[in-house]
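Some notes on the structure that comes next.
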Amino acid sequence: MVEGVFARVFRSGLRPIEIGRKLVREMDANRSVDVRGRTIVPNSFTVRVSEEDFDRFAEIGDTLVRELCDAAREHGRDEGYSFLGPVTVELMVDDHVRTGEFRIDARMREGPGGVGAGSLLLPNNERYILGDRVVTIGRLPDCDITITDANVSRHHAEIRPRGDGFVLVDLGSTNGTRVNGVRVTERELFDGDEIAFGNTRLVFQAS
């Protein structure tokens, strides 16, 4: 997940692929079981690097963080892990870390208001992170997620936080909302659910 262009750009010194491998090892080493029997793992990572390495990563910092988050999510799905909150990665300068070395602090952290992990994978492959507020979906620009599809109502649906998960609610749309091909008015979302608004499809991921 994290090699790609980074391996070609950084042919010597600290490479992102090393950080990615260490990050997933931290997930494995710090896994635990919650009261519901789920295997939970860290979802909040602070990567501590030298100032020199931090400066080298500066121009691709946002992309690096996104790729590391995706690597954590993919590893979590492959292993059947659960997260207590959204996956986050932060790069930080640490004066005690030498050039070419790094440290990772891995923690389990709930989302704001105790909300669990959840995100929507959009048709353009961008990711919309869900949190402790209601997200509106529809055709109008004032929606949190605007869908330019004539089959989508102006205010089509909402995704609401509930407990440690999320619930999809149709707002009386003309053409309805479907989850995994079945029309719904209200439904709790589970990892991998495909949500259809008109001809547009989004994927819910519990990470």
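All values derive from a computational prediction rather than experimental measurement. All residue numbers in this chain count up from 1 along the given sequence. What you see below is based on every heavy atom in this structure, not just the backbone, and it leaves out hydrogens, waters and symmetry mates.
Contact record, Ala157 with Phe197: CB-CE2, 3.7 Å, taken as the closest heavy-atom pair. When every heavy atom of Asn30 is checked against every heavy atom of Pro42, the shortest pair comes out as CB-CG, 3.6 Å. Considering every non-hydrogen atom in both Leu14 and Glu101, the closest pair reads CD2-O, 4.0 Å. The heavy-atom pair separating Ala117 from Phe204 by the smallest distance is O-CZ, 4.4 Å. What you find for Val87 and Cys69 is that their closest heavy atoms are O-SG, 3.8 Å. The two atoms that bring Asn175 and Asn151 nearest to each other are ND2-O, 2.8 Å, heavy atoms only.
Hydrophobic clustering, with ILVMFWY side chains joined whenever heavy atoms are under 4.5 angstrom apart, keeps Leu84 apart from Met27. Note on Tyr128 and Leu168: same hydrophobic cluster, where clusters join Ile, Leu, Val, Met, Phe, Trp and Tyr whose side-chain heavy atoms are under 4.5 Å apart, directly or indirectly. Residues Val115 and Val41 fall into different hydrophobic clusters, defined by Ile, Leu, Val, Met, Phe, Trp and Tyr side chains chained together at heavy-atom separations under 4.5 Å. Under the 4.5 Å side-chain contact rule for hydrophobic residues, Tyr81 and Leu68 share a cluster. Follow the hydrophobic side-chain contacts under 4.5 Å out from Val203 and you never reach Leu130; the two are in separate clusters.
Here His75 contributes atom NE2 and Glu26 contributes atom CD; the two are 11.0 Å apart, rounded to the nearest 0.5 Å. Taken from CZ in Arg66 to CD in Glu126, the straight-line distance is 8.0 Å, to the nearest 0.5 Å. Rounding to the nearest 0.5 angstrom, the gap separating the OG atom in Ser32 from the CD1 atom in Ile40 is 5.0 Å. Here Glu90 contributes atom CD and Asp105 contributes atom CG; the two are 10.0 Å apart, rounded to the nearest 0.5 Å. In this structure, CZ in Phe166 is found 9.0 Å from CG in Leu189, a value given to the nearest 0.5 Å. Atom CG of Leu140 sits about 7.5 Å away from atom OG1 of Thr146, to the nearest 0.5 Å.
Each of Arg127, Glu74, Arg73 was compared with Gln205 under the side-chain hydrogen bond (donor to acceptor under 3.5 Å, both in side chains) criterion, and only Arg127 meets it.
Salt bridge Asp53/Arg56: present, at least one basic N to carboxylate O contact under 4.0 Å. One finds no salt bridge joining Asp191 and Arg77 here, because no Lys/Arg side-chain nitrogen approaches an Asp/Glu carboxylate oxygen to under 4.0 Å.
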*In sequence, state the C-alpha distance, the side-chain angles, and the governing distance for Ile159 and Ile145, and then conclude on side-chain contact (heavy atoms from CB on, under 4.5 Å).*
CA-CA 11 Å; Ile159 295 180; Ile145 298 176; over 6 Å; no
*Is there a side-chain hydrogen bond (donor to acceptor under 3.5 Å, both in side chains) between Thr136 and His155 once you walk through the steps?*
CA-CA 7 Å; Thr136 58; His155 292 105; 5.9 Å; no
*So Arg36 and Ser82, side-chain contact (heavy atoms from CB on, under 4.5 Å) or not? Walk me through it.*
CA-CA 11 Å; Arg36 295 164 57 185; Ser82 296; over 6 Å; no
_Run Thr88 and Asn43 through side-chain contact (heavy atoms from CB on, under 4.5 Å) and show every step you take._
CA-CA 6 Å; Thr88 61; Asn43 60 293; 5.6 Å; no
*Any chance you could lay out the side-chain contact (heavy atoms from CB on, under 4.5 Å) test for Cys143 and Ile137, step after step, and finish with the verdict?*
CA-CA 6 Å; Cys143 294; Ile137 301 168; 5.9 Å; no
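Under the 3.5 Å distance criterion, with hydrogens and angles disregarded, a donor-acceptor pair is assigned to the side chains of Asp170 and Thr177.
The backbone N or O of Asn199 sits less than 3.5 Å from a side-chain atom of Asp149, completing a donor-acceptor pair. Put simply, the side chain of Ser153 gets close to the backbone of Thr174: a donor and an acceptor are under 3.5 Å apart. Formation of a donor-acceptor pair under 3.5 Å by the Asp193 side chain with backbone atoms of Val179 is not found in this model. Side-chain atoms of Arg139 come within 3.5 Å of backbone N or O of Val152 as a donor-acceptor pair. The closest donor-acceptor contact from the side chain of Arg31 to the backbone of Asp28 lies under 3.5 Å.
For CG of Asp78, the number of neighbouring non-hydrogen atoms (other residues, nucleotides, ligands) closer than 6.0 Å is greater than 12. Around CZ of Arg38, the count of heavy atoms belonging to other residues, nucleotides or ligands within 6.0 Å exceeds 12. Residue-environment remark: CD (Glu51) stays at or below the threshold of 12 foreign heavy atoms within 6.0 Å. By the 6.0 Å contact criterion, CZ on Arg98 is open, its count of non-hydrogen atoms from other residues, nucleotides or ligands being 12 or less.
Contact annotation: the side chain of Asp144 approaches that of Arg133 to within less than 4.5 Å [non-hydrogen atoms, C-beta and beyond]. With a 4.5 Å cut-off on side-chain heavy atoms, Val93 and Ser50 do not count as touching.
Other members of a hydrophobic cluster containing Phe190 are absent, since no ILVMFWY side chain comes under 4.5 Å of it, directly or through relayed contacts.
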